Engineer: 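The following block contains the structure, expressed as structure tokens.
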Amino acid sequence: MAESGALPTGFGELEVLAVGTVLLVEALSGLSLNSLTILSFCKTPELRTPSHLLVLSLALADSGISLNALVAATSSLLRCGRRAGTGEGSLVPTVFHRRWPYGSEGCQAHGFQGFATALASICSSAAIAWGRYHHYCTRSRLDWNTAVSLVFFVWLSSTFWAALPLLGWGHYDYEPLGTCCTLDYSRVDRNFTSFLFTMAFFNFLLPLFITVTSYRLMEQKLGKTGRPPVNTVLPARTLLLAWGPYALLYLYAAFADVTSISPKLQMVPALIAKTVPTVNAINYALGSEMVHRGIWQCLSQQRKDRDREQ
């Protein structure tokens, strides 16, 4: 833990403020768009289908990622504000100058929540890809039992893998900025490497393979008769570009000294990953004509209700 009022190694005040601001924008953007998606499912009966249940699961997971980013943004901005009040004669108590205001247990909870929702987001994207292939390329449509089972499995699996570091396989600790918590990749030992490679296979490589394969098969089958009804390129690219930098950072840490990478550069994967909720909402919700129509109906209904009250 850093000394009272001290900035984290490798960061200046403006850089801490910049990271906090970026996280805040990402959090508010993701929360706003995914909240509209969730609201549209609750208010629009036409969207209550097995296929859209998978999209709802993704929106809930991405909302969790945005909430995690909001906590990190608040911690970063509070750190700047509290440091600004640490001059001579300041009445701000020194206990407020810690880099993480929620204690070690709060760090573990923050790491668990962020990791669980990140895994749920990745796996939900793969489930949507498989569901779309099943819907458009087979004669039988996705039924409720299959959709509910997929959602249940996604969240159960994500919670299981996120709980393992709390039980000793892996570990949660502060990221370089010290205002958010994630998997600790600075501990290069057998415990870390065994957890990393096992977790990465089941929760990154396998979902990525399912996503790429499902959309490739859709392109091959539907491309002969016309344009596929959904975007078959963006989902796989989102998984690879948004979570790939994290995977590369962890892979590098498993084989080399991660301290050779500057703390600022180590924060880049986290900032990139926090854009996932916004990108997913645009692709899966706003990019779907039916969901887009449901969101518009919800907003229009709320506007009509306000007009009646006035």
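Keep in mind that what you see is a predicted model, and the values were worked out from it rather than measured.
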Engineer: Classify the angle between the aromatic ring planes of Trp169 and Trp161 as parallel (below 30°), tilted (30 to 60°) or perpendicular (above 60°).
Structural biologist: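 It falls in the tilted class, 30° to 60°.
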Engineer: OG1 of Thr211 to CZ of Arg216: how many Å apart, nearest 0.5 Å?
Structural biologist: 12.0 Å
Engineer: Is the backbone N or O of Asp62 less than 3.5 Å from a side-chain atom of Ser66, with the two atoms forming a donor-acceptor pair by type?
Structural biologist: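 Here the side-chain-to-backbone pair exists.
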Engineer: Could you grab the distance from atom OG of Ser63 to atom CG of Asn68, nearest 0.5 Å is fine?
Structural biologist: 12.5 Å
Engineer: So do Leu249 and Val258 actually touch side chain to side chain, heavy atoms under 4.5 Å?
Structural biologist: yes
Engineer: Determine whether the side chains of Thr179 and Ser76 contain a donor N or O and an acceptor N or O closer than 3.5 Å.
Structural biologist: yes
Engineer: On a heavy-atom basis, which atom in Gly170 and which in Asn191 lie closest, and how many Å separate them?
Structural biologist: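 Distance-wise, the nearest heavy atoms are N-OD1, 2.7 Å.
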Engineer: Is there a side chain to side chain contact (heavy atoms under 4.5 Å, CB included) between Thr21 and Leu17 once you walk through the steps?
Structural biologist: CA-CA 6 Å; Thr21 303; Leu17 179 62; 4.1 Å; yes
Engineer: Establish whether Leu119 and Leu167 are linked, either directly or via other cluster members, by ILVMFWY side-chain heavy-atom contacts under 4.5 Å.
Structural biologist: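 Hydrophobic grouping puts Leu119 apart from Leu167.
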Engineer: Assert yes or no for the condition that the ring centre distance of Tyr250 to Tyr246 is strictly below 6.0 Å.
Structural biologist: yes
Engineer: Looking at every heavy atom in both Phe204 and Ala247, which two are closest together, and how far apart are they?
Structural biologist: CE2-CB, 4.1 Å
Engineer: Heavy atoms, side chains only, cut-off 4.5 Å: are Ser35 and Ile38 in contact?
Structural biologist: no
Engineer: May I ask you to decide if Val279's main-chain N or O and Asn283's side chain share a donor-acceptor pair within less than 3.5 Å?
Structural biologist: no
Engineer: I need the minimum non-hydrogen distance between Asn34 and Pro277, along with the two atoms involved.
Structural biologist: ND2-O, 3.2 Å
Engineer: Looking at CD1 of Ile272 and CD of Glu26, how far apart are the two atoms once the value is rounded to the nearest 0.5 Å?
Structural biologist: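 So the gap between those two atoms works out to 9.5 Å.
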Engineer: Has Tyr102 got more than 12 heavy atoms of other residues, nucleotides or ligands less than 6.0 Å from its OH?
Structural biologist: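 Buried by this count: over 12 neighbours within 6.0 Å.
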Engineer: Indicate, with yes or no, if Leu183 and Leu248 share a hydrophobic cluster defined by side-chain heavy-atom contacts under 4.5 Å among Ile, Leu, Val, Met, Phe, Trp and Tyr.
Structural biologist: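 In one cluster with Leu248: Leu183, no.
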Engineer: For Leu208 versus Ala236, what's the shortest heavy-atom pair and its separation?
Structural biologist: CD1-O, 4.0 Å
Engineer: Flag the pair Cys107 / Tyr174 as yes when at least one side-chain heavy-atom distance between them is below 4.5 Å, and no otherwise.
Structural biologist: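 They are in side-chain contact.
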Engineer: Do side-chain atoms of Ser40 reach the backbone of Thr37 as a donor and acceptor pair under 3.5 angstrom?
Structural biologist: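 Answer holds: yes.
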Engineer: Under 4.5 Å between any side-chain heavy atoms of Leu23 and Val19, yes or no?
Structural biologist: yes
Engineer: About how many Å separate CG of Leu217 and OH of Tyr136, when rounded to the nearest 0.5 Å?
Structural biologist: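 Tyr136 atom OH to Leu217 atom CG measures 16.0 Å (nearest 0.5 Å).
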Engineer: Show, in sequence, the C-alpha distance, side-chain angles and deciding distance for Arg132 and Leu142, and conclude whether the side chain to side chain contact (heavy atoms under 4.5 Å, CB included) test is met.
Structural biologist: CA-CA 9 Å; Arg132 285 178 168 179; Leu142 188 68; over 6 Å; no
Engineer: Between Lys221 (side chain only) and Cys137 (backbone N and O only), is there a donor and an acceptor less than 3.5 Å apart?
Structural biologist: yes
Engineer: Are Thr238 and Trp243 packed together at the side-chain level, in the sense that at least one heavy-atom pair is separated by less than 4.5 angstrom?
Structural biologist: no
Engineer: Start with the C-alpha gap between Asn231 and Leu234, add the side-chain angles, then the distance that decides, and say whether side chain to side chain contact (heavy atoms under 4.5 Å, CB included) holds.
Structural biologist: CA-CA 6 Å; Asn231 192 323; Leu234 186 58; 3.6 Å; yes
Engineer: Verify the cluster assignment for Leu206 and Leu58: are they in a single hydrophobic cluster under the rule of side-chain heavy atoms below 4.5 Å apart?
Structural biologist: yes
Engineer: If you compare all heavy atoms of Ala116 against all heavy atoms of Ser158, which two are closest, and at what distance to 0.1 Å?
Structural biologist: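 Shortest heavy-atom separation between Ala116 and Ser158 comes out as O-CB, 3.5 Å.
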Engineer: Is there a donor in the side chain of Thr146 and an acceptor in the side chain of Asp143, or the other way round, less than 3.5 Å apart?
Structural biologist: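 On atom types as modelled, these side chains qualify, holding a pair under 3.5 Å.
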Engineer: Has the side chain of Ser121 got a donor or acceptor atom that lies under 3.5 Å from a matching backbone atom of Thr117?
Structural biologist: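 No.
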Engineer: Does Gln108 use its side chain to pair, donor to acceptor, with the backbone of Glu105 at less than 3.5 Å?
Structural biologist: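 Pair absent, no side-chain N/O of Gln108 close to backbone of Glu105.
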Engineer: State, yes or no, whether a side-chain contact exists between Val233 and Glu219 at a heavy-atom distance under 4.5 Å.
Structural biologist: yes
Engineer: Is the closest side-chain heavy-atom distance between Pro235 and Tyr215 below 4.5 Å?
Structural biologist: yes
Engineer: Under 3.5 Å, side chain of Glu175 to main-chain N/O of Thr182, donor-acceptor pair present?
Structural biologist: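 Checking the backbone N and O of Thr182 against the side chain of Glu175, no donor-acceptor pair under 3.5 Å is found.
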Engineer: Would you check if the side chain of Ser157 reaches a backbone N or O of Val154 as a donor-acceptor pair within less than 3.5 Å?
Structural biologist: no
Engineer: Mind checking whether Leu222 and Tyr133 sit in one hydrophobic cluster, side chains of I, L, V, M, F, W, Y counted as touching below 4.5 Å?
Structural biologist: yes
Engineer: Output the distance between atom OG (Ser57) and atom CH2 (Trp155), rounded to the nearest 0.5 Å.
Structural biologist: 6.0 Å
Engineer: Tell me if the CZ atom of Arg48 is crowded by more than 12 foreign heavy atoms within 6.0 Å.
Structural biologist: yes
Engineer: If we only count heavy atoms from C-beta on, is the Thr213 to Trp130 side-chain gap below 4.5 Å?
Structural biologist: no
Engineer: Output, in order, the C-alpha distance, side-chain angles, deciding distance and verdict of side chain to side chain contact (heavy atoms under 4.5 Å, CB included) for Ser260 and Tyr252.
Structural biologist: CA-CA 10 Å; Ser260 61; Tyr252 183 87; 2.9 Å; yes
Engineer: Over all heavy atoms of both residues, which pair between Pro207 and Cys123 is shortest? Give the atoms and the distance, please.
Structural biologist: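 Scanning both residues completely, I find the closest heavy atoms to be CG-SG, 4.2 Å.
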Engineer: Is it true that a side-chain atom of Asn203 and a backbone atom of Met199 form a donor plus acceptor pair closer than 3.5 Å?
Structural biologist: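 Checking the backbone N and O of Met199 against the side chain of Asn203, a donor-acceptor pair under 3.5 Å is found.
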Engineer: For the atom pair CZ (Phe195) and CG (Asp184), what is the distance rounded to the nearest 0.5 Å?
Structural biologist: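 If I round to the nearest 0.5 Å, the distance is 12.0 Å.
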Engineer: Is there a path of hydrophobic side-chain contacts, each under 4.5 Å between heavy atoms of I, L, V, M, F, W or Y residues, that connects Ile128 with Trp144?
Structural biologist: yes
Engineer: Is the backbone N or O of Cys181 less than 3.5 Å from a side-chain atom of His110, with the two atoms forming a donor-acceptor pair by type?
Structural biologist: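 Flag set: sc His110 to bb Cys181 pair under 3.5 Å.
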Engineer: Does atom CZ of Phe153 have more than 12 heavy-atom neighbours from other groups under 6.0 Å away?
Structural biologist: no
